[in-house]
Amino acid sequence: MTPHRVALALMIAFFALAPAVIYPLFLMKVMCFALFACAFNLLIGYGGLLSFGHAMFFGGAAYISAHAAKVWGFPPELAVLAAVAAAALLGFAAGLIAIRRQGIYFAMITLALAQMVFFFSVQAPFTGGEDGIQAVPRGRLFGLVDLSQVRNMYVFVFALFLGGFLLIYRVIHSPFGQVLKAIRENESRALSLGYDTDRYKLLAFVLSAALAGLAGGTKALVFQLASLTDVHWTMSGEVVLMTLVGGLGTVFGPVVGALVIVAMANYLAQLGAWVTVVQGAIFVVCVLTFRRGVIGELGHWLKKPL
Amino acid sequence: MTEIFGVPTQALFGQLLIGLINGSFYALLSLGLAVIFGLLNIINFTHGAQYMMGAFAAWFLLAKLGLGYWWALALAPVAVGVTGVIVERLMLARLYKLDHLYGLLLTFGLALVIQGLFRHEFGSSGLPYAIPKALEGGTNLGFMYLPNYRAWVIFASLVVCLGTWFVIEKTRLGAYLRAATENPELVRAFGINVPRMITLTYGFGVGLAALAGVMAAPIYTVSPQMGADLIIVVFAVVVIGGMGSIMGSIVTGFALGLIEGLTKVFYPEASNTVIFIIMAIVLMIRPAGLFGAAR
């Protein structure tokens, strides 16, 4: 067994057994954010592109999924699918603009575009403004399985999470993923070898956006709510933090990071402004002393990339 | 009542004035970002928080020590600038050898910490700060009423911006600075203490942000969140202007403030987003920004 398979087996076992002892709603939240962080990590960890605006895909997809399920009466699978499609489309438009610059500029551009989506969400009538879209029905999966049952919903979220995770895993280890890494390391070299780097970057961006949309669309069904919090820049910051804590460019890091940050937010929820302070402090400490993240350090110690 | 394009002139000039005020702050803040980026290669995400600290410093000086606006104008930038120097020495200095993105992440984390601490201490409702006595009232220009304080903000911001431009482009100190931006190793070999220059440059950029904060205190309410959304707009301004040129960021700042003001008159729904839309268009046509050189 390779280390990746062991880690994958451990992860599946954890999410399969944990609902017996941990509150399932919390675990579903962790899985949504883990998928979101994995999607984000696909860009920064393998493409070297730091997006500071991923909330636009997460939150935008949450609105689409909530609206589709509540107003159009879509069944859950179609609501999530619509959310993914919308996020991919938004990712295509934003990607065309953002990939024109690299590094710090890329981060600033994605942040600005996400802020535009945020202001649009504040003004657009269908998002419900400050209230958001509340009481979103979970519906019946394929018209058969009642997702208002916690157990059914859990299995649905678990399946989507695992599907998204395995897709990302496959992409990272495909020839496409190798080219992406080559672009991260040395873009002009990859260009000179005949790879159309802009197309690779755009495709990675759309893929990452679509998977972030899958996470956001699912999240809207889990909490039966889509709100401005999901599109705010703090959400973009949170997903960066999760990935950083778990380990940038590691396969399993974002999952661990999401678990840590969601758990922390849960325990500190009643402390108000302190949550922000603690999150900021973790950012500072991670950047200064812990740049590999939890899984990165573990992998370094085991001398195997995880 | 006179009208231009179906809009009363009073409203038009009123919004243009607000646009010019906002533009003053965009210019001051993007100038500080450009100065810091030039030498440190770091985008200072903490800039919005430091602007907020400037406004709070002004409030603190008045409420706790009884020192008025003019004192604040002098003391707040120095005090906040010193915190910037400490941050640079203790934290940023450790990151120069790494990918520049780490600087962005660190300063983002710092901004969260500072904003969270201020929100915990002062709540999020905001504190009032009165316009200084000497600048109360206004002048009737015939076609519009111009509040004196707003005229002062535009004037002071122009003076500070052009002063900074002059120092960087026309003096010996500025020449060292520009040389260190191009090739720090070489400048060091000539016996100039580049690390100290970097530290002071960061302190200066942070001081500029704090100065903008002091000037903003009587116009906007002093609140912990006042810099958070503003900094994102300033980022867009920086992307539009390109960070290559000091004059570029000043001109872009004022121009975008005016455009935003005009949008408020003619199509208010887009007034929040117009700068981002312009950014997208500029990126499609001139990816390096209006005044930037690709690098």
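In what follows, every chain begins at residue 1, and chains take the letters A, B, ... in the order their sequences are listed.
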Hey, do the aromatic rings of A/F52 and B/F45 have their centres closer than 6.0 Å? yes
At their closest point, which heavy atom of B/E269 faces which heavy atom of A/Q123, and how far apart are they? O-OE1, 3.0 Å
Under 4.5 Å from any heavy atom of chain A, what part of B/Y102 do you find: side chain, backbone, both or neither? both
Taking atom CZ of A/F118 and atom CD1 of B/I232, what is their separation to the nearest 0.5 Å? 9.0 Å
Region of B/I43 in contact with chain A, defined by heavy-atom distances below 4.5 Å: both
Before giving the answer on side-chain contact (heavy atoms from CB on, under 4.5 Å), spell out for A/I109 and B/F276 the whole-Å C-alpha distance, their side-chain angles and the decisive distance to 0.1 Å. CA-CA 9 Å; A/I109 293 164; B/F276 303 122; over 6 Å; no
Tell me, for B/M279 versus chain A, whether the close heavy atoms (under 4.5 Å) come from the side chain, the backbone, both or neither. side chain
Within a reach of under 6.0 Å around CZ of A/F290, are more than 12 heavy atoms found that belong to other residues, nucleotides or ligands? yes
Between CG on residue A/L288 and CG on residue B/L92, distance to nearest 0.5 Å: 8.5 Å
Might you work through the side-chain contact (heavy atoms from CB on, under 4.5 Å) test for B/H120 and A/V277, ending with a clear yes or no? CA-CA 9 Å; B/H120 176 73; A/V277 177; 5.8 Å; no
With a 3.5 Å distance limit and no angle check, can you tell me whether A/R100 reaches the backbone of B/L283 through a side-chain donor-acceptor pair? yes
Using a 4.5 Å cut-off on heavy atoms from C-beta on, say whether the side chain of A/R291 contacts that of B/L95. yes
Donor-acceptor under 3.5 Å (A/Q115 side chain, B/V233 main chain): no
Quick one: of B/A280, B/A236, B/A228, who has the most non-hydrogen atom pairs under 4.5 Å with chain A? B/A280
Looking at A/Y195, I'd like to know if its OH atom is crowded, meaning that more than 12 non-hydrogen atoms belonging to other residues, nucleotides or ligands lie closer than 6.0 Å. no
Exactly one of A/T276, A/V278, A/I282 should register a side chain to side chain contact (heavy atoms under 4.5 Å, CB included) with B/L112. Which one does? A/T276
Should B/L117 and A/W274 count as side-chain neighbours, where that means a heavy-atom distance under 4.5 Å? yes
Is it the side chain or the backbone of B/L105 that comes within 4.5 Å of chain A heavy atoms, both, or neither? both
Which atom pair, heavy atoms only, marks the closest approach of B/M284 to A/L96? SD-O, 4.3 Å
From A/F120 CZ over to B/N272 CG, what is the distance, rounded to the nearest 0.5 angstrom? 13.0 Å
Whatever's closer than 4.5 Å to a heavy atom in chain A on B/L98 counts as side chain
Just so I understand: if I count every heavy-atom pair under 4.5 Å between each of B/L101, B/I281, B/I42 and chain A, which residue has the most? B/L101
Do A/V287 and B/R94 touch side chain to side chain, with heavy atoms closer than 4.5 Å? no
